[in-house]
Each structure stands twice: as C-alpha cells, then as structure tokens.
Student: 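Take a look at this one; I'll ask things after.
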Amino acid sequence: MRDVDARGLSCPEPALMAMDAIRDSAGETVRVLVSSATAKVNVEEIARRNGRAVETTREGDDYVLVIS
Amino acid sequence: MEILNSKKGLLVSGLVIGALIAVLAAAGNPANMAICAACFIRDVAGSLKLHTAAPVQYFRPEIVGFVVGSFLIAVATREYRSTAGSSPMTRFILGFVMMIGALVFLGCPLRMVIRMSAGDLNAWVGLVGLVAGVATGSIFLRKGFSLGREQDTNRAAGTVLPVALAILLVLSVTTALFAASETGPGSAHAPVLVSLVVALVIGAVAQKMRLCFVGGIRNVFLMRDATLLLPIVAIFVVMLVYNLATGGFKLGFEGQPIAHAQHLWNILGMYAVGFAGTLAGGCPLRQMVLAGQGSCDASVTFLGMLIGAAFAHNFNLAGAAATVATAEKAATAGGPSNAGQVVLVAGIVVLFVIAATNLRRRKAAAGVAPTAPAVPAEAQA
C-alpha cells in the first residue's frame with residue numbers, strides 16, 4: 001500500500017501526486033488523503049481515467065481515497 | 001451534488017451560468033462586461049475610495065455574491081473549512097500581479113470569454129497570452145512548484161471575508177458612504193437585488209463544480225484532460241447566442257466596448273493572469289469561491305487583487321479603453337501607459353522568481369507520510 005498525503009495542498013497538486021503514485025504503483029493499492037472536496041473529485045477522476053477502482057470515505061473533515 | 005461534476009453536469013452548469021450572465025447583461029451591466037471578477041473588484045476598490053478613478057467606482061454586489069454564495073453552500077454541504085498558512089504573502093503578490101495583468105488587458109478570464117463571444121478579436125489575442133501563461137505555470141507545477149500546505153485554523157477566521165463583504169454591501173445599499181460612478185463602466189449596473197441573487201447562485205454552483213478558467217486550461221497541459229473546459233465552452237456558446245440575438249455581436253479589433261487593440265499588451269496582460277492564476281491555484285473567480293469556503297489564503301489573494309486594482313488606477317497602470325473620434329476629441333488607441341507596461345513586465349519577472357524559489361520535491365513526499373501532517377490526528381476525531 002502506497003500512502004500519499006496531499007492534505008492542505010492547492011489545486012492541482014493532489015491530483016499530480018495521485019497521478020505520479022498511480023503510475024509508479026505497478027498495480028499496488030494507493031491510499032490518498034485529501035482535505036477538500038475539489039481535490040477528492042480530481043483524484044477520483046485521475047483514478048478512473050487510469051482504469052483503477054476508487055473507494056472514498058470521509059474521515060473528519062478529510063477524505064481517504066483507496067485506489068485499487 | 002456529485003452529478004454536477006459529471007461531464008453532463010459540468011455542461012449543464014455552464015449553460016445555467018451562461019444564462020445567468022445573460023440576465024445580468026440584459027439587466028444593465030456594462031456591454032461585454034456582464035461579469036468580470038477583475039473589473040468588479042476594481043469597481044469595489046473604487047467605491048471604497050482605495051482609488052479615485054471616477055468612471056470605475058461602484059460597490060458591485062456580484063463580488064459579495066460570489067464569496068457569500070460559495071460560503072453558504074459550503075456550510076450547508078459540510079465543505080466549509082477554515083484554513084490558512086500556505087504562503088499567504090506570496091499569494092498576496094500573486095493576486096496583485098494577477099490584477100495588474102487583468103486590468104492591462106481589461107478583463108479577467110471570464111470577461112475574456114464574454115468578449116470573445118461578442119466578436120471582440122482582441123480577447124482572442126488575450127486568450128493566446130492566457131494559454132501561454134497557464135502553460136508556463138504548469139511547467140513549474142510539473143517541476144514541483146508548491147506554496148506549501150494550508151493548515152486548519154480557528155473556525156471563525158474563514159468567515160471574515162464573507163461577513164465583511166456582506167456588511168459592506170449593507171452599508172453600500174443603506175448609506176451614501178461609498179463612491180458611485182455617474183458615467184463610465186461603473187455607472188452601468190443591474191439592480192442590486194438581481195446582481196446579488198445571480199452572483200449568489202453562480203458562487204454556489206461554482207463551489208460545487210470546480211469552475212475555474214485557469215484550471216480548465218491547466219488540466220489540458222498537466223493531465224491531458226479537457227473536462228473542465230466544458231462549462232467554459234457552454235458559457236461561450238450561451239453568450240454567443242445572446243449577443244447574436246440582441247445585436248451585441250460585432251466581429252473585429254476596433255470599436256469594441258471597454259477594450260483596446262494593443263496586441264502585445266493584451267497578450268502579456270493575460271499571460272500574467274494565466275501564470276499567476278496557475279501558481280495561486282485558480283483564476284480570480286475561483287479565488288473568491290475558495291475564500292468563501294473558508295480559505296484564508298484565498299482571502300489574502302483577494303486582498304492582493306483589491307490592492308492591485310487600487311494601485312492600477314492610482315498610478316495609471318491599467319490599460320485605457322480605445323475611444324473613437326468625437327467632435328471634441330481625436331480617436332485614441334488605448335492600452336497601458338509606459339508605467340503600466342513597466343509594472344506588468346516587472347510583475348511577470350516576479351512571477352518567475354516566485355515560481356523558481358518555491359520548487360519542492362513533491363514526488364519524494366508522495367511515497368511516504370509527511371513529518372508534519374496538515375491536520376493533527378486528534379483534530380480528526
């Protein structure tokens with residue numbers, strides 16, 4: 001499991017970090033933490049466009065996206 | 001609200017926003033300037049007497065509506081989050097330069113699209129600059145540019161800008177404290193209630209569907225993804241139809257309302273907006289939406305834009321609109337003064353300095369948990 005903590009970062013940094021992590025993951029599960037709904041939607045889109053499944057849960061004010 | 005971020009949702013939202021912009025155009029806002037984040041912030045700066053350029057002073061309710069609309073929907077949908085601490089003073093400068101660039105061109109990216117839809121070819125020239133600016137910013141983002149993480153802060157802090165703007169709006173409506181133009185763009189405006197309601201809806205919709213004129217282009221460069229261009233194209237199409245239907249469409253460089261045909265300065269003005277907006281994480285409208293949902297950093301960017309607008313008119317940096325000859329006066333070509341040209345170029349140099357001095361190794365941080373999480377574990381409970 002790869003962890004990416006993109007909380008508190010401005011657009012489009014969370015999406016770029018997720019993109020890099022997915023590319024380098026070789027199919028491994030990637031867990032991305034983001035702190036805004038915008039970043040959440042952007043990362044979900046990145047996952048889908050890379051043909052990966054994504055499951056999002058809310059933890060406090062943050063979002064946890066598990067990309068498998 | 002997830003539906004708004006589907007392709008169909010983005011398209012429909014863009015059509016709705018386009019229709020709302022047309023309402024403001026029909027209700028009295030200036031020609032080709034039904035909404036302009038930059039021009040309206042400049043008018044607000046004038047109304048507050050931060051500058052005294054008589055034709056551009058009016059407390060635009062739209063500015064209040066964008067921020068408060070975003071604030072209200074964010075609170076209602078549990079997305080309001082008071083945050084701060086991501087290089088605020090750097091963001092102030094980015095806001096400042098973004099405003100100088102926009103006022104040299106005479107419009108934010110949204111007004112650029114509105115001008116494009118009215119046949120103003122100068123705006124198409126500006127688009128070249130905007131795209132080049134976003135491309136430059138994207139190169140630095142790809143190299144690891146970051147202004148750092150924002151942190152959670154006192155919950156009340158994020159309410160300061162929306163509340164302050166709401167109070168100022170009440171004062172502007174109930175008192176004669178603020179300046180108001182009698183001629184020029186500042187004198188042309190829709191009724192207060194129409195402006196406010198339309199802007200509240202746009203602010204709320206924009207908060208939900210990631211409307212960003214810089215982000216739409218940026219995602220094409222960085223992610224080969226044109227999805228966020230959909231609402232922008234929709235706004236263009238609606239305003240094109242509106243302009244064709246109402247006789248507002250006039251193809252050409254000359255004789256366009258509140259515009260000039262100084263191509264180099266139109267390009268460089270929008271280049272600064274695109275570059276600064278990419279580094280700041282969004283266009284001027286997006287900054288107001290972010291400020292509404294609690295980002296104190298975006299509020300600081302807004303203040304940078306407000307002060308930038310004051311400087312632009314106090315020191316004659318803004319582009320002058322071209323004028324046609326009259327019985328009394330010869331025609332003028334318009335465009336920025338020498339001072340405006342120097343400050344804009346200096347501003348672009350500052351953007352390069354900011355971009356080059358804030359490169360971090362994001363990739364290294366991506367694989368491991370950071371040492372300083374944005375939110376302490378106990379705060380998440």
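Chain letters run A, B, ... following the sequence lines, proteins first and then strands; every chain starts at 1. What you see is a predicted model; the values in this text were computed from it and never measured.
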Student: Mind listing the closest non-hydrogen atom pair of B/Leu141 and A/Glu13 along with its distance?
Tutor: CD2-CG, 4.4 Å

Student: Can you tell which part of B/Leu147 gets under 4.5 Å to a heavy atom of chain A, answering side chain, backbone, both or neither?
Tutor: backbone

Student: Could you tabulate the donor-acceptor pairs under 3.5 Å formed by side-chain atoms of residues 210-220 of chain B, not counting sequence neighbours?
Tutor:
from: B/Arg210; atom 1: NE; to: B/Asn5; atom 2: OD1; distance (Å): 3.0
from: B/Arg210; atom 1: NH1; to: A/Asn42; atom 2: OD1; distance (Å): 2.5
from: B/Arg210; atom 1: NH2; to: A/Glu45; atom 2: OE2; distance (Å): 2.9

Student: Can you tell me which residue among B/Arg149, B/Glu150, B/Arg91 is in a side-chain contact (heavy atoms from CB on, under 4.5 Å) with A/Ser10?
Tutor: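 Single pass found, and it is B/Arg91.
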
Student: For residues A/Arg49 and B/Arg224, report the shortest heavy-atom separation together with the two atoms involved.
Tutor: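 It is NH2-O, 3.2 Å.
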
Student: Report which part of A/Ala18 has an atom under 4.5 Å of a heavy atom belonging to chain B: side chain, backbone, both, or neither.
Tutor: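 Nothing of A/Ala18, per the 4.5 Å heavy-atom cut-off to chain B.
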
Student: For the pair A/Leu16 and B/Met223, evaluate side chain to side chain contact (heavy atoms under 4.5 Å, CB included) and give the outcome as yes or no after the intermediate values.
Tutor: CA-CA 8 Å; A/Leu16 287 175; B/Met223 294 156 202; 4.2 Å; yes

Student: A/Asp20 and B/Arg142: salt bridge (Lys or Arg N to Asp or Glu O under 4.0 Å), yes or no, with the steps?
Tutor: CA-CA 11 Å; A/Asp20 290 346; B/Arg142 203 58 260 189; 2.8 Å; yes

Student: Run the side-chain hydrogen bond (donor to acceptor under 3.5 Å, both in side chains) test on A/Thr38 and B/Arg286 for me, step by step, so that the C-alpha distance in whole Å, both residues' side-chain angles and the decisive distance to 0.1 Å come before the verdict.
Tutor: CA-CA 12 Å; A/Thr38 305; B/Arg286 181 85 191 137; 3.1 Å; yes

Student: Would you call A/Asp62 and B/Arg81 a salt bridge, taking side-chain N to carboxylate O under 4.0 Å as the test?
Tutor: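 Salt bridge present between A/Asp62 and B/Arg81.
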
Student: Which distance, rounded to the nearest 0.5 Å, do you find between the OG of A/Ser36 and the CG of B/Leu290?
Tutor: 8.5 Å

Student: Could you check whether atom CD of A/Glu28 has more than 12 heavy atoms from other residues, nucleotides or ligands sitting under 6.0 Å from it?
Tutor: yes

Student: Is it the side chain or the backbone of B/Asp297 that comes within 4.5 Å of chain A heavy atoms, both, or neither?
Tutor: neither

